[in-house]
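Encoded as structure tokens, the structure appears first; notes follow it.
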Protein chains: 2
Amino acid sequence: MDIPARTSVLQRVPFFGGLEEDQLATVAREAHERPLKKDETLFQQGEEATHGYVLGWGRLRLDQTTPDGQNVVLRYMGPGDLVGTVAVLRRIPFPATPVALEDGLALSWSAPRLAELMERFPKIALNAIGVIGGRIEELQARLQAIATQRVERRIASTLLRLANQSGRRTEAGVEIPFPVSRQDLAEMTATTLHTVSRTLSAWDQQGIVESRRSSHLVIRHPHRLVEIAEQG
Amino acid sequence: MDIPARTSVLQRVPFFGGLEEDQLATVAREAHERPLKKDETLFQQGEEATHGYVLGWGRLRLDQTTPDGQNVVLRYMGPGDLVGTVAVLRRIPFPATPVALEDGLALSWSAPRLAELMERFPKIALNAIGVIGGRIEELQARLQAIATQRVERRIASTLLRLANQSGRRTEAGVEIPFPVSRQDLAEMTATTLHTVSRTLSAWDQQGIVESRRSSHLVIRHPHRLVEIAEQG
DNA sequence: CACTGCAATTGCTGCAACGCAAATAAGACG
DNA sequence: CGTCTTATTTGCGTTGCAGCAATTGCAGTG
């Protein structure tokens with residue numbers, strides 16, 4: 001990918017928001033490219049955070065594993081998202097593992113480079129605060145949801161969030177354009193794949209969603225889900 | 001409080017870490033003082049974030065209320081903690097309400113002042129990233145706990161965390177030096193006050209904790225709690 | 001000192017959701 | 001085209017925990 005191409009990717013990255021075209025070009029020049037194949041991991045939870053990444057295209061799932069082997073899906077990430085950069089800035093090991101859901105490409109900068117960039121462009125540090133703050137908000141929202149809502153409602157909210165973040169409009173409804181297994185949904189909503197399966201089956205029969213095996217999820221009637229999410 | 005006194009408070013604030021004595025004095029000079037009485041709120045969730053605060057002394061409980069009236073305790077805060085500052089930097093309304101658990105004092109800076117300080121001392125922006133990152137970590141840990149552990153274990157972990165953050169060693173064990181109601185614990189561990197009550201009663205009878213009505217919580221045998229927390 | 005109000009305790013009941021297990025379907029691969 | 005593997009469905013039994021309600025105990029107030 002040449003520098004102008006990289007630059008245009010970086011233009012859509014909030015982390016670099018407010019930088020001039022030529023400044024972005026500078027940033028772009030100093031990046032390394034890291035191609036990603038489906039199912040590949042960008043790095044491993046626990047590794048030393050030597051590089052920070054920006055996802056150019058593709059999709060990632062961010063997994064966190066507990067000491068006793070349980071898994072939690074922290075978030076899904078798409079083009080323009082920051083991956084692992086917070087860990088680099090805080091000088092702590094990566095707290096989670098990003099897994100590629102499809103082929104993609106990430107741009108990376110080494111830890112010293114990042115520090116240098118932030119020093120040269122103070123705007124970046126402010127942007128970082130905004131990005132991280134957004135994640136805090138999201139985490140707090142999920143915490144609240146898990147703490148106070150019951151499973152059906154959480155699943156509905158999660159589907160709607162996925163649809164808003166990455167849904168594609170089709171004649172049949174809103175489609176979620178990457179594979180999401182029952183296990184994934186279970187780990188996102190803090191329940192079991194059994195319960196997710198039952199819930200989706202029920203919704204499928206009611207015509208709210210289309211969730212046949214192995215095809216992408218389609219939400220036929222988002223407003224029905226909204227009803228469930230808002231007050232179940 | 002005079003400037004040297006303020007300065008010595010700020011020395012223990014990670015947000016201002018790495019600043020020179022005279023720089024801290026500058027920061028201190030530009031602060032406003034805000035005395036706090038027990039049960040008073042520093043600001044209200046939803047208000048515009050015009051000022052950022054640092055807690056000089058005293059203790060706060062940070063509450064978040066859902067649209068439907070449910071309450072979640074986000075965290076307890078003590079001297080040196082940052083309150084509401086993230087919201088100021090992100091230019092969003094305060095996402096939660098800090099309630100004073102005892103008389104205390106906060107220092108505050110207006111939004112423009114804070115922006116100016118960060119510009120003048122870029123180190124502050126980096127510190128902010130560190131502080132916020134720490135909160136993300138804590139939130140993720142809680143998310144994991146709620147998602148994968150059962151109630152007894154979560155209560156044990158929460159008590160241990162409180163003890164580590166603010167516990168005082170006494171002959172009887174480790175004391176938590178501010179009042180924590182069953183309701184509070186319930187909101188922290190995502191359960192009901194009933195279940196918390198039952199659990200603490202059981203532990204009290206087993207001699208693990210001392211949790212009589214209206215006296216401060218005392219953890220007699222932290223290691224027993226650790227056992228419960230680590231593998232229940 | 002009695003009264004009032006709030007926090008905590010505790011027994012009981014019901015249910016949402018978990019866990020197991022067996023059946024089923026669908027891709028993947030040779 | 002058959003076989004293997006993996007994801008999903010679904011029935012059934014179990015249970016952790018919430019929800020309700022009645023009681024108790026403590027603290028502050030007049």
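In what follows, chains are A, B, ... by sequence order, proteins preceding strands, each numbered from 1. Computation of the quantities below employed the complete heavy-atom set of this structure, encompassing side-chain atoms and omitting hydrogens, waters and symmetry-equivalent molecules.
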| query | Contacts to DNA chain D from residues 198-206 of chain A, heavy-atom cutoff under 4.0 Å, which residues? | reply | Arg198(A), Ser201(A)
| message | The criterion is side-chain hydrogen bond (donor to acceptor under 3.5 Å, both in side chains); which residues satisfy it with Arg135(A), sequence neighbours excluded? | response | none
| Set of side-chain hydrogen bond (donor to acceptor under 3.5 Å, both in side chains) partners for Gln144(A), sequence neighbours left out | Gln64(B)
Nearest-angstrom distance from the residue atom [atom1] of [X] to [atom2] of [N]:
{"X": "Lys38(B)", "N": "dA27(D)", "atom1": "NZ", "atom2": "P", "value": "13 Å"}
{"X": "Leu193(B)", "N": "dG11(C)", "atom1": "CG", "atom2": "P", "value": "16 Å"}
{"X": "Asp39(A)", "N": "dG27(C)", "atom1": "CG", "atom2": "C1'", "value": "14 Å"}
{"X": "Arg182(B)", "N": "dT10(C)", "atom1": "CZ", "atom2": "P", "value": "10 Å"}
{"X": "Asp184(B)", "N": "dA8(C)", "atom1": "CG", "atom2": "C1'", "value": "13 Å"}
{"X": "Arg212(A)", "N": "dA25(C)", "atom1": "CZ", "atom2": "P", "value": "12 Å"}
{"X": "His216(B)", "N": "dC26(D)", "atom1": "NE2", "atom2": "P", "value": "16 Å"}
{"X": "Gln183(B)", "N": "dA8(C)", "atom1": "CD", "atom2": "C1'", "value": "11 Å"}

| message | Does Glu48(B) have more than 12 heavy atoms from other residues, nucleotides or ligands lying within 6.0 Å of its CD? | response | no
| query | So, for Phe16(B) and Trp109(B), is the gap between ring centers shorter than 6.0 Å? | reply | yes
All N/O donor-acceptor pairs, side-chain side in residues 188-196 of chain A, below 3.5 Å, sequence neighbours left out:
unit_1    : atom_1 : unit_2    : atom_2 : d
Thr189(A) : OG1    : Leu185(A) : O      : 2.7
Thr192(A) : OG1    : Thr195(A) : N      : 3.4
Thr192(A) : OG1    : Thr195(A) : OG1    : 3.2

| For the base of dT10(D), is there a side-chain donor-acceptor partner from His194(A) under 3.5 Å away? | yes
| query | Using a distance-only test with no angle check, is there a side-chain donor-acceptor pair under 3.5 angstrom linking Asp204(B) and Ser201(B)? | reply | no
| Does the side chain of Thr97(B) come under 3.5 Å of the side chain of Asp63(B) through a donor N or O and an acceptor N or O? | no
Using a cutoff of under 3.5 Å, can you pull out all pairs of nitrogen or oxygen atoms linking the protein to nucleotides 15-17 of chain C, with atom names and distances?
unit_1  : atom_1 : unit_2    : atom_2 : d
dA17(C) : OP1    : Val151(A) : N      : 2.7

| request: Establish, with yes or no, whether the OP1 or OP2 oxygen of dA7(C) is under 4.0 angstrom from a side-chain nitrogen or oxygen of Ser181(B). | output: no
| message | When you measure from the side chain of Arg154(A) to the backbone of Gln149(A), do you find a donor-acceptor pair of N or O atoms at a distance under 3.5 Å? | response | yes
| note | ring-ring contact (aromatic ring centres under 6.0 Å, His included) pairs touching residues 168-190 of chain A, sequence neighbours excluded, are Tyr76(A)-Phe178(A)
